[in-house]
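To start, the structure itself, in structure tokens.
When a ligand or atom number is given, it counts from 1 through the structure's own listing order.
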Amino acid sequence: MDLKERIGQITRERFGLPPEQCGDRQLYEALLVLTRNLTQERPAPGGERKLYYFSAEFLVGKLLDNNLLALGLRDQVRELLASWGHDLNAVEEQEPEPSLGNGGLGRLAACFLDSIAALGLRGDGVGLCYHYGLFRQKFEDNKQKETPDPWMEAESWLIPTGKRYTVSFGGFDLTARLWDAAVPGAYNDKANRLHLFDVEEPAPPPENGIDFDKTDIARHLTSFLYPDDADEAGRLLRVYQQYFMVSAGAQLILEELEERGYGPESLAEHTAVQINDTHPSMVIPELIRLLTERGLTMDQAVDQVSRTCAYTNHTILAEALEKWPLAFIEKAAPRLVPVIRELDRRVREACPDPAAAILDEKNLVHMAHMDIHYGYSVNGVAALHTEILKKAELKRFYDLYPRKFNNKTNGVTLRRWLEACNPDLTALIDQCIGPGWRQDPGRLVGLMDFMDNDRVLERLLVVKQNAKERFCRQLREAQGIDLDPTSIFDVQIKRLHEYKRQQMNALYIVQKYLDIKAGRIPERPITVLFGAKAAPAYVMAKHIIHLILCLQELIENDPVVRPWLRVAMIENYNVTWAERLIPAADISEQISLASKEASGTGNMKLMANGAVTLGTMDGANVEIAELVGPGNIYTFGAHSDRVIHLYDDKGGERYRALDYYHTPRVERLVDFLLSPELLELGDAKDLAALWRDIKGKDWFMALLDLEEYISVKDLAVRQYGDRKAWARKMLVNIAKSGYFSSDRTIKQYNEDIWRL
Ligand SMILES: *Cc1c(COP(=O)(O)O)cnc(C)c1O
């Protein structure tokens, strides 16, 4: 049966209509069912050792386009739909974006699954099936409002497996029900699985924002990702979630091991478990517990698990390294307490440094310490990040286990982040260097041969211009904002966090606003675009969103400033918006305080789409700078060594925001937060709190780098005017982005860690 007949069969069965008479919604459902069936039928890749990638988040994005691409059906389907008078893009609009993740870490896990499958490796994801995601973001009164983000419809990518596992908490049991989503390999006829565990009787969405009864574990365990941990019930719920995920996952692993015909004593030989950040760390004691239940001695179980599990560290922010009170684990996972105590005892016996223990004197369980002692690999996610782990944050562990530490610089799948989201650029690349870069992204450097080809440079500018116009249409439809596509698009899209320093970008906007008011017009119109969600309990992050939205309104209503400067904050920034905006970006803002951004992956996506980075020497920006060379990136700011020194009590050189505030230029910008024009639009209390914080504390040192940031950004805006020179910068960035393909990253994980 050919494709047309198969689609027709589905639409007739479901809607009693031939496809020609179906609407976008019906065609979407038909394509979903077809694609789901085709991917579901695919066998798993072969291999003696199987990987399980455990992660609290998988920010997969919409899947129809991705899966059609992997099945090699995308062009055919597009043509068929066109012959019926439909546009594939419009049909894809029908798909809700799965809300299974939050930011970079979750998106990384999704890129990794895509690459693992594309490379034909045997590896499944393991996570939770959140019903309402992190939250859906709305703006009201220039503030973020959170509502549930439901995405599971009657027809979705989820395949019921019929598998169920019992998870025993303290005092009650819950059944974990397993859903799968297929992950088809792009260059083969195999598919892996994303395993998502859910409760049996999930609660309906809360009616009042995202408030719900956090003690109703049985019904709310899988309602939200990262429930508000401002109170104890929220923190406890997170521990329940984590144990639910890893206990069901560990049972699945041992069941599959047995099905493959191997005994528990050969777990390590046939299994690799990658622990993505510390949320799944309890998989270590849980696997040990289950192995001892199956007859292994404690020594044997510890030995097997220590050769099975590997840990990825994602941050050096101290507050993000999880430490759970043992009392929480006693409630949520009482059977793990004796195991954790035994693991701690062994560590103390072997290693006298109490700071390396698992249980500290306050009876907090240090999840990362457990991972490092009982995992066989510890990796950072960019060269600089791994060096900082070895030299500073995890030095005592590096001294203990130098051979465990390794770097795996992050990557992104260029299938989604170039081929699918930017077909015009893809076509141009194909015309220049042929299609071989898809399976060998290093070949993108072939574009360097076109540095002096005026036709290619001009086409590149046209592709970018068209993408900007397309984005303007999409934003107009979604939010009623009408942007100027001839302005320079300066883009900062990422979770809102003080270390990422959106506040510094906001102060740049204030500078430009005051300049224009004083008659100093910029070289050309600038549009500053933001996309960011703030964690619901992160007060300062919400104040920064408030500031940006107030600036947006202020400028929108100012006929003098508006032609030269615009601010637009995208509501509910997610993967779908990223795919729309990234092809349209001219400048990629990567301005975190040096040493704080472990890697970043947005920087890689933007680079691959011809945006030029304006950034600090932080995370993978360092590697981007090395690859593209100084003429093709704008860098600024204090270096990580200096920043680490400024945090240090010892040198007596500690950072004091007030010293930087008291310079004429900076003071004027910060004080603008309390200006009459802003107070008229905003909440005086919130703006004052932000003002006080920046002036008196500024923990992530925005004022330290502010002046240099402003002048380097002005330089970029000026140099944008030399269109041919700018097009060359774009071309170099695209050419060098092949290194940041997650296919490269996954090959390295496999060679150095997994050995599948
Ligand atoms: C890539 C991506 C991120 C990560 O961005 P960073 O700039 O690396 O923090 C976050 N959210 C979404 C939706 C993404 O696609």
Which bit of Y573 gets closer than 4.0 Å to ligand 1, counting heavy atoms only: side chain, backbone, both or neither?
side chain
Ignoring hydrogens, just give me the one of C111, G101, G104 whose non-hydrogen atom is nearest atom 4 (C) of ligand 1.
G104
Please evaluate residues V491 and D586 with respect to the criterion side-chain contact (heavy atoms from CB on, under 4.5 Å), reporting the C-alpha separation (whole Å), side-chain torsions for both, the decisive distance (0.1 Å), and the verdict.
CA-CA 7 Å; V491 174; D586 292 312; over 6 Å; no
Which residue supplies the protein heavy atom nearest to [atom], what is that atom called, and how far is it?
atom: atom 1 (C) of ligand 1; answer: K605 NZ, 1.3 Å
atom: atom 8 (O) of ligand 1; answer: T601 N, 2.7 Å
atom: atom 5 (O) of ligand 1; answer: G602 N, 3.8 Å
atom: atom 7 (O) of ligand 1; answer: K494 NZ, 2.7 Å

Do Y647 and W699 have ring centres separated by under 6.0 Å?
yes
Between atom CH2 of W577 and atom CG of L529, what is the distance when rounded to the nearest 0.5 Å?
10.5 Å
I'd like to know whether ligand 1 has V412 as a neighbour, heavy-atom separation below 4.0 Å.
no
Run the contact test for K500 against ligand 1 with a 4.0 Å cut-off on heavy atoms, strictly below, and give the result.
yes
Heteroatom distance test (E597, ligand 1): nitrogen or oxygen, under 3.5 angstrom:
no
Paired with R501, the salt bridge (charged side-chain N to carboxylate O under 4.0 Å, His left out) test is passed by just one of D705, D618, D698, namely D705
According to the interplanar angle, ranging from 0 to 90°, do the rings of Y538 and H497 count as parallel (below 30°), tilted (30 to 60°) or perpendicular (above 60°)?
perpendicular
Donor-acceptor under 3.5 Å (E579 side chain, R416 main chain)
no
Using side-chain hydrogen bond (donor to acceptor under 3.5 Å, both in side chains) as the criterion, point out the one residue from T745, N379, D752 that pairs with K408.
D752
